[in-house]
Amino acid sequence: MPLAELLVEDLRCIERLEVSLHPGLNLVSGPNGAGKTSLLEAVFLLGRGRSFRTRSSERLIRQGAVRLITFGRTREHAIGVEVQRSASQGGATRAKVDGAFVSSLAELTQAFPVQVIDPEVQHLVEGGATGRRRWLDWSVFHVEPGFGEHWSRYARALKQRNAGLKAGVRSDALAAWDRELIAAGMPMAEARAKHYRALEAVWLAAQEALLGFTVGATWVPGWDQDHGLSEALHGAIEHDVSRGTTSVGPHRADLRLRVGHRAAREVLSRGQQKLLALSMVLAQLELLQSCLHIRPTLLIDDPAAELDNFRLRVLIDRVRALETQLIVTTLTPQSSLFGDPDRVFQVGQGRVQTL
């Protein structure tokens, strides 16, 4: 589902741009600070409803503007996302697919699959569990029917339960929310575990190619597997009431990465962490292509950062084998890392020109 048209208004330094993209290799060139990464953020926003650089979507709005808009069109869908300044931190985000508002931003994943490789990709390894859950969930949305519905249902129930806990409700009043968490959480956890098993072999091969070795990895669902989710929730009630938040469940799941008996982030260098994270992203894309013939749009920001020539060549070869739409940033329009570009854009002072 390559992106054919992109329109952006008031996103970071971009006042307005409108471009037509090629389904192959698109090169976005320009000096540092010109707005190249902002263009990638606009594309990512269409498929995720958020940025890959900041948790607060409100920070994306151009200074002096009250809202930003990004609109894109694929062969199948027209997608629009608007972020408005709001009194609450983070901004108010609304999205439409084919003219209808989505009930959850997760629906954008199905309409426009997009993935990113950026200079901070190693946060998948060194950062917290949230990033690794998002990494896995993004591909589960595509391969496991019904996962999105279970995910949204669980998120609503969790929000209500946590609000009740913060309001000081009695432990016996949590039963209704617990039933909803269990009904949505169990199939959600099963879908994650099933997909991870399918992904694991592809990921190990990608690790060998990029790192030269493999790390230990264990997917943990968010509660002790010696007990069911119902028993885990019941056993944590006193703790949850005292802390005002739900401490067990799929929202606490994590991919634990280890080298020997230590966390991978404590052992691997920054460069090795980046290579491990790259293997995670590539494995997802390769599995989606081989199993479902899905070729997401891949955004690559500054691909050569911190990679030696050999590792960069491995990355390039595996990316080119995906035969997907690429949008790659570069300092010079003559860059040919991924081959001859099908379309080249020059970015300067928030403006984009097709060369």
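Note that these values count all heavy atoms, side chains included, but never hydrogens, waters or copies made by symmetry.
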Apart from F101 itself, what residues make up its hydrophobic cluster, given side-chain heavy atom links below 4.5 Å?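 F101 shares its hydrophobic cluster with no other residue.
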Among Ile, Leu, Val, Met, Phe, Trp and Tyr joined by side-chain contacts under 4.5 Å, find the other residues sharing a cluster with V169 and list them by chain and number.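 Same cluster as V169: L165, L174, W177, I237, V241.
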Which residues pass the ring-ring contact (aromatic ring centres under 6.0 Å, His included) test with [X], not counting sequence neighbours?
X: F52; value: F44
X: H22; value: none
X: W223; value: none

Residues in side chain to side chain contact (heavy atoms under 4.5 Å, CB included) with [X], at least two apart?
X: E144; result: V140, F147, A191, K194
X: N32; result: K36, L331
X: T130; result: R133, R134

Side chains of [X] and [Y]: donor-acceptor distance under 3.5 Å anywhere?
X: Q284; Y: E286; answer: no
X: E126; Y: H123; answer: yes
X: S139; Y: H195; answer: yes
X: E41; Y: S51; answer: yes
X: T214; Y: Q207; answer: no
X: W203; Y: S279; answer: yes

Holding to salt bridge (charged side-chain N to carboxylate O under 4.0 Å, His left out), I want the full list of residues that pass it with [X], two or more places apart in sequence or in another chain.
X: D317; value: R313
X: R161; value: D178, D240
X: R197; value: none
X: R343; value: none

Same cluster for V102 and W151 if Ile/Leu/Val/Met/Phe/Trp/Tyr side chains link at under 4.5 Å?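 Unlinked, V102 and W151 end up in two clusters.
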Backbone of H77 reached by a side-chain donor or acceptor of T74 within 3.5 Å: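 Answer holds: yes.
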Side-chain donor or acceptor of Q273 paired with backbone N/O of L268 under 3.5 Å: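 Between the backbone of L268 and the side chain of Q273 there is a qualifying donor-acceptor contact (under 3.5 Å).
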Can you name the closest pair of heavy atoms from A277 and V125 and give their distance?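 Smallest interatomic distance, heavy atoms only, reads N-CG2, 3.9 Å.
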Quick check: closest heavy atoms across I61 and Q84, and the distance to 0.1 Å? CD1-C, 3.8 Å
Just wondering, do R192 and L136 contact through their side chains at under 4.5 Å, heavy atoms? yes
Could you check if a side-chain atom of R67 sits within less than 4.5 angstrom of a side-chain atom of I69, using non-hydrogen atoms only?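 SC-SC contact between R67 and I69 confirmed.
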